[in-house]
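Before any comments, here is the structure.
Residue numbers run from 1 in the order of the sequence given.
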Amino acid sequence: MTIVSRSAESGRSPGGRRWPRRLVWLVVCVLVVGGAGLGVVAWQHTYDLREESITFEHDGNTLDGVLALPPEGRGPYGLVVLVHGDGPVDATHDSFYRPLWESFARAGYASLSWSKPGVGASEGDWLEQSMRDRAEETRAALAWARTRPEVDADRIGLWGASQAGWVLPKVAAREPDVRFVIAVSPAINWHRQGRYHLMSELRTEGASAADRTRALERRERTLDLLRRDAPFADYREAFSDLQGMTARRWGFVGRNHTADATDDLAAVPRDVPVLLILAGHDRNVDAGETEAVYREQLGPDRLTVEHYPDAAHSLVRDALERSTARLTLTGLFAPRSLFAEGFLDDQRRYLEQVTADPAP
């Protein structure tokens with residue numbers, strides 16, 4: 001999950017942080033010199049899983065992925081299909097997903113994840129996709145999964161983070177076999193989420209009143225360009241500082257800036273339970289708004305809400321998210337400890353509960 005630059009309507013809603021390469025290599029070099037530390041790292045990054053490289057086809061592209069199975073048995077297993085947040089995410093999310101896959105496996109579930117188009121060995125370009133395109137891609141993954149003998153087609157659910165909040169309900173509304181949905185820090189409305197994220201960044205930076213005014217004025221000018229479907233040349237002419245915006249990214253934002261999950265949530269079948277996971281230190285998505293909309297559209301009978309007060313948007317512990325050094329070292333030496341307290345075990349317990357409940 002990617003770091004966000006402050007562009008007013010970038011639409012980025014990251015779910016984690018890439019570790020700085022220099023710091024990673026510095027730590028690795030120290031470990032090589034020390035010797036014994038390498039064994040600790042290798043042990044901590046060994047997971048109770050069997051991973052199989054897979055491919056499936058969608059929209060003329062071959063997508064490269066991973067099917068992660070429980071360590072023993074032949075199945076068929078329930079399946080969790082992972083839907084990424086924003087950014088150029090590969091199938092393992094730089095190994096960020098593996099602790100999750102392990103928790104799913106302990107509940108008797110396999111996991112399916114794939115690299116976004118244009119990432120790794122996957123063909124295509126994820127920046128050319130709309131949220132509807134992403135939903136159709138996920139449906140293609142579901143269709144592939146149903147052909148596999150290791151997968152129990154009656155126990156398939158969706159897991160998604162952040163930007164996946166605009167994808168998950170579209171898929172659940174159109175796929176009658178989806179058994180459950182797990183939504184982690186999902187956004188509701190692209191414009192409101194963008195403003196919330198911008199204001200959170202400004203507060204974190206201690207921006208002055210003048211800086212806030214300028215940032216909001218820039219945002220309004222950007223929104224005006226988007227509403228007019230202006231080309232990137234107009235954006236480049238309007239702003240001397242592009243703040244990381246590129247022509248390809250501008251096209252992606254233009255296709256998706258009207259995204260709103262409200263109506264799609266209302267269309268999720270009434271027999272599909274939804275687990276909503278919210279972070280106490282979410283600086284990307286307004287957790288209060290998300291919870292209110294989910295409760296209104298889904299009702300109490302099928303919605304479970306879990307709060308993690310010590311978590312950042314990615315469900316990584318907020319104290320780690322604020323320290324690059326601590327985040328890197330924890331990722332190397334204790335990757336399961338990256339996540340908020342109880343998060344991995346709660347994922348396992350939820351899947352065990354879904355399995356125990358009678359099929360709708």
Euclidean distance, [Y] [atom2] relative to [X] [atom1], rounded to 0.5 Å:
| X | Y | atom1 | atom2 | answer |
| --- | --- | --- | --- | --- |
| Asn189 | Asp260 | CG | CG | 4.5 Å |
| Leu79 | Arg146 | CG | CZ | 10.0 Å |
| Leu168 | Thr138 | CG | OG1 | 7.5 Å |
| His58 | Trp114 | NE2 | CH2 | 9.5 Å |
| Leu49 | Phe104 | CG | CZ | 11.0 Å |
| Arg148 | Leu69 | CZ | CG | 7.5 Å |

Query raised in the report: Are Leu276 and Tyr196 connected in a single hydrophobic cluster, I mean Ile/Leu/Val/Met/Phe/Trp/Tyr linked by side-chain heavy atoms less than 4.5 Å apart?
Result: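 Cluster IDs for Tyr196 and Leu276 differ.
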Query raised in the report: Where do Leu303 and Gln297 land on the side chain to side chain contact (heavy atoms under 4.5 Å, CB included) test, with the steps shown first?
Result: CA-CA 10 Å; Leu303 178 65; Gln297 298 302 320; over 6 Å; no
SB check [X] [Y] (cutoff 4.0 Å):
| X | Y | answer |
| --- | --- | --- |
| Asp133 | Arg255 | no |
| Arg349 | Asp346 | yes |
| Glu352 | Arg348 | yes |
| Asp211 | Arg214 | yes |
| Lys170 | Asp264 | yes |
| Arg106 | Glu102 | yes |
| Arg50 | Glu150 | no |

Could you tell me which non-hydrogen atom of [X] sits nearest to which non-hydrogen atom of [Y], and how far apart they are?
| X | Y | value |
| --- | --- | --- |
| Ala164 | Pro169 | O-CD, 4.4 Å |
| Pro269 | Ala173 | CD-CA, 4.0 Å |
| Thr46 | Arg336 | O-NH2, 2.9 Å |
| Asp152 | Pro76 | N-CB, 3.6 Å |
| Arg179 | Val354 | NH2-O, 3.0 Å |
| Val285 | Pro186 | CG1-O, 3.3 Å |

Distance only, no hydrogens: is a donor on one side chain within 3.5 Å (strictly under) of an acceptor on the other, for [X] and [Y]?
| X | Y | result |
| --- | --- | --- |
| Trp101 | Glu51 | no |
| Glu291 | His307 | yes |
| Thr246 | Arg249 | no |

**Report entry** side chain to side chain contact (heavy atoms under 4.5 Å, CB included) partner of Ser113, chosen from Val89, Leu82, Thr92
**Finding:**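 Going through Val89, Leu82, Thr92 one by one, the side chain to side chain contact (heavy atoms under 4.5 Å, CB included) with Ser113 is satisfied by Leu82 alone.
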Query raised in the report: Which residue, Arg134, Glu128, Glu123, Gln129, forms the side chain to side chain contact (heavy atoms under 4.5 Å, CB included) with Pro117?
Result: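 Of all the options given, the one that passes is Gln129.
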Query raised in the report: Going by the angle between their ring planes, with limits at 30° and 60°, are Trp144 and Phe56 parallel, tilted or perpendicular?
Result: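 Ring orientation of Trp144 relative to Phe56: tilted.
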Query raised in the report: Relative to each other, are the rings of Phe180 and Tyr109 parallel, tilted or perpendicular (30° and 60° limits)?
Result: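 Because their plane-to-plane angle is over 60°, the rings of Phe180 and Tyr109 count as perpendicular.
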I'd like to check [X] versus [Y] (side-chain heavy atoms, cut-off strictly below 4.5 Å). Are they in contact?
| X | Y | value |
| --- | --- | --- |
| Asp177 | Ile156 | no |
| Arg203 | Arg283 | no |
| Leu329 | Arg326 | no |
| Leu351 | Trp159 | no |
| Trp166 | Gln193 | yes |
| Trp250 | Thr222 | yes |
| Pro273 | Tyr350 | yes |
| Leu223 | Arg219 | yes |

[X] (side chain) donor-acceptor with [Y] (main chain) under 3.5 angstrom:
| X | Y | value |
| --- | --- | --- |
| Arg317 | Ser337 | yes |
| Thr147 | Ala143 | no |
| Asp90 | Asp94 | yes |
| Ser115 | Ala91 | yes |
| His191 | His257 | yes |
| Ser185 | Ser162 | no |
| Asp59 | Asn61 | no |

[X] atom [atom1], over 12 foreign heavy atoms within 6.0 Å:
| X | atom1 | result |
| --- | --- | --- |
| Asp224 | CG | yes |
| Asp241 | CG | yes |
| Glu52 | CD | yes |
| Arg228 | CZ | yes |

Query raised in the report: After noting the C-alpha distance and the side-chain angles of Leu344 and Leu100, does the key distance pass the side chain to side chain contact (heavy atoms under 4.5 Å, CB included) rule?
Result: CA-CA 6 Å; Leu344 294 177; Leu100 277 166; 4.0 Å; yes
**Report entry** Worked check of side chain to side chain contact (heavy atoms under 4.5 Å, CB included) between Val178 and Leu142
**Finding:** CA-CA 9 Å; Val178 167; Leu142 289 169; 4.3 Å; yes
Requested in this report: Could you list all the salt bridge (charged side-chain N to carboxylate O under 4.0 Å, His left out) pairs where at least one residue sits in residues 69-85, not counting sequence neighbours?
Outcome: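 Applying salt bridge (charged side-chain N to carboxylate O under 4.0 Å, His left out) to every pair that reaches into residues 69-85, excluding sequence neighbours, yields nothing.
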Report task. With side chain to side chain contact (heavy atoms under 4.5 Å, CB included) as the test, would you mind laying out the steps for Val167 and Glu137 before giving the verdict? Result -> CA-CA 10 Å; Val167 180; Glu137 181 180 283; over 6 Å; no
**Report entry** Pairs satisfying ring-ring contact (aromatic ring centres under 6.0 Å, His included), at least one member in residues 63-86, at least two apart
**Finding:**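 Counting only pairs at least two positions apart or across chains, the ring-ring contact (aromatic ring centres under 6.0 Å, His included) contacts touching residues 63-86 are His84-Tyr97.
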